[in-house]
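First the structure, in the form of structure tokens, and then the observations on it.
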Amino acid sequence: GRQRSIASSSWLPKRDVRVYERSTQKWTMLSPAGGKAVSHGALTVERKRSRLWLIGGDTSLQDGKIAATSMVMIFSLKTKLWAASTAKGAPPARSRHQIAMSDDEGHLYLHGGLLKSGALDGQLWRLDVKKNLWELVSTPGERPTARAGAAMHAVAGQRRIVLFGG
């Protein structure tokens, strides 16, 4: 798998989640996301069920290197607790990918990223949050090239996902 040395001991993946409260103009910290620190993961909001989804990213290894993870964590904005996803058929471990929640459909979409092998990925995955099942989406015609570090957003009411950059 892909492992890199950490360039600076002052930089280590973090596992905190912070919320900016616009009314008070202050940051508050939510409870940590599971047991592993993660950087370069992807986060999206599931508005209908008041949950945050944190997927993949890089995590620190005991030897000081970092490697991609396939971790999927869900944070309830109501209970303020994290839980690991039990969805079946999850995509391979990756970092620097992008995700978007389509509340209209009840689907979470994941695109691209840097795989554990170091290869860029260009696949589109869909998680049905009600059935708790991942599937690789077949996309005929022209597709985006493999990429990492892009931005992605679901457009409410239009059944569209917008992908930018990478």
Side-chain angles (χ1 to χ4, degrees), residues 4-62 64-87 90-91 93-114 121 124-134 144 147-166:
R4 298 178 305 279
S5 293
I6 296 174
S8 167
S9 61
S10 65
W11 178 87
L12 291 173
K14 311 292 188 275
R15 68 183 189 117
D16 59 338
V17 175
R18 297 181 183 262
V19 176
Y20 179 72
E21 301 288 347
R22 294 180 298 181
S23 61
T24 63
Q25 296 184 341
K26 293 182 180 178
W27 288 95
T28 57
M29 187 166 73
L30 302 178
S31 61
K36 291 187 174 185
V38 175
S39 66
H40 302 107
L43 180 76
T44 193
V45 177
E46 181 185 5
R47 288 186 180 101
K48 284 187 178 178
R49 295 169 76 182
S50 296
R51 302 189 304 180
L52 302 177
W53 288 78
L54 175 64
I55 300 179
D58 288 326
T59 189
S60 297
L61 302 176
Q62 289 182 343
K65 294 183 179 180
I66 55 175
T69 180
S70 58
M71 175 182 77
V72 178
M73 299 294 293
I74 306 161
F75 183 80
S76 169
L77 293 166
K78 294 176 185 174
T79 66
K80 307 286 192 249
L81 296 173
W82 287 97
S85 170
T86 57
R94 65 193 60 225
S95 66
R96 295 165 179 81
H97 52 288
Q98 40 284 332
I99 61 175
M101 178 64 70
S102 174
D103 276 324
D104 300 342
E105 302 171 308
H107 292 150
L108 182 151
Y109 290 86
L110 178 150
H111 180 268
L114 192 58
D121 183 55
L124 180 66
W125 290 80
R126 177 175 49 224
L127 171 64
D128 184 318
V129 297
K130 291 178 185 160
K131 293 180 182 176
N132 217 15
L133 186 65
W134 284 96
R147 63 191 65 207
M152 191 164 82
H153 186 75
V155 181
Q158 294 189 20
R159 298 181 59 102
R160 291 182 180 185
I161 302 290
V162 178
L163 178 67
F164 171 76

Just how far is it from atom CG of Leu43 to atom CG of Leu52, taken to the nearest 0.5 Å? 5.5 Å
Hey, mind stepping through Lys80 and Phe75 against side-chain contact (heavy atoms from CB on, under 4.5 Å) and telling me if it holds? CA-CA 7 Å; Lys80 307 286 192 249; Phe75 183 80; 4.0 Å; yes
Starting at OG of Ser85, measure out to CE of Met71 and round the result to the nearest 0.5 Å. 11.5 Å
Value rounded to 0.5 Å, distance of OG in Ser76 from CG in Leu81: 7.0 Å
Here the gap from Arg160 atom CZ to His153 atom NE2, rounded to the nearest 0.5 Å, amounts to 13.0 Å
Can you tell me how far apart CG (Asp104) and NZ (Lys48) are? Round to the nearest 0.5 Å. 6.0 Å
Could you go step by step and tell me if Arg47 and Met101 meet the side-chain contact (heavy atoms from CB on, under 4.5 Å) rule? CA-CA 9 Å; Arg47 288 186 180 101; Met101 178 64 70; over 6 Å; no
Specify the closest pair of heavy atoms between Ala100 and Ala154, including all atoms of both residues, with the distance to one decimal. CB-N, 3.6 Å
For Ala150 and Gly165, work out which heavy atoms get closest and say how close. CB-O, 3.3 Å
Between Ala68 and Ser95 the two heavy atoms that sit nearest each other are CB-N, 4.2 Å
What class does the angle between the rings of Trp125 and Trp134 fall in, given that below 30° is parallel, 30 to 60° is tilted and above 60° is perpendicular? perpendicular
Do side-chain atoms of His97 reach the backbone of Asp121 as a donor and acceptor pair under 3.5 angstrom? no
To the nearest 0.5 angstrom, please state how far the CD1 atom of Ile55 sits from the OG1 atom of Thr69. 11.5 Å
Could you tell me whether the side chain of Val162 reaches within less than 4.5 Å of the side chain of Val155, counting heavy atoms only? yes
For Arg51, is there any backbone N or O sitting under 3.5 Å from a side-chain donor or acceptor partner on Glu46? no
Evaluate whether atom CD of Gln25 has more than 12 neighbouring non-hydrogen atoms of other residues, nucleotides or ligands under 6.0 angstrom away. no
When Ile161, Ile99, Leu163 are each screened for side chain to side chain contact (heavy atoms under 4.5 Å, CB included) with His111, the one that passes is Leu163
Atom OH of residue position Tyr20 - does it have more than 12 heavy atoms of other residues, nucleotides or ligands inside 6.0 Å? yes
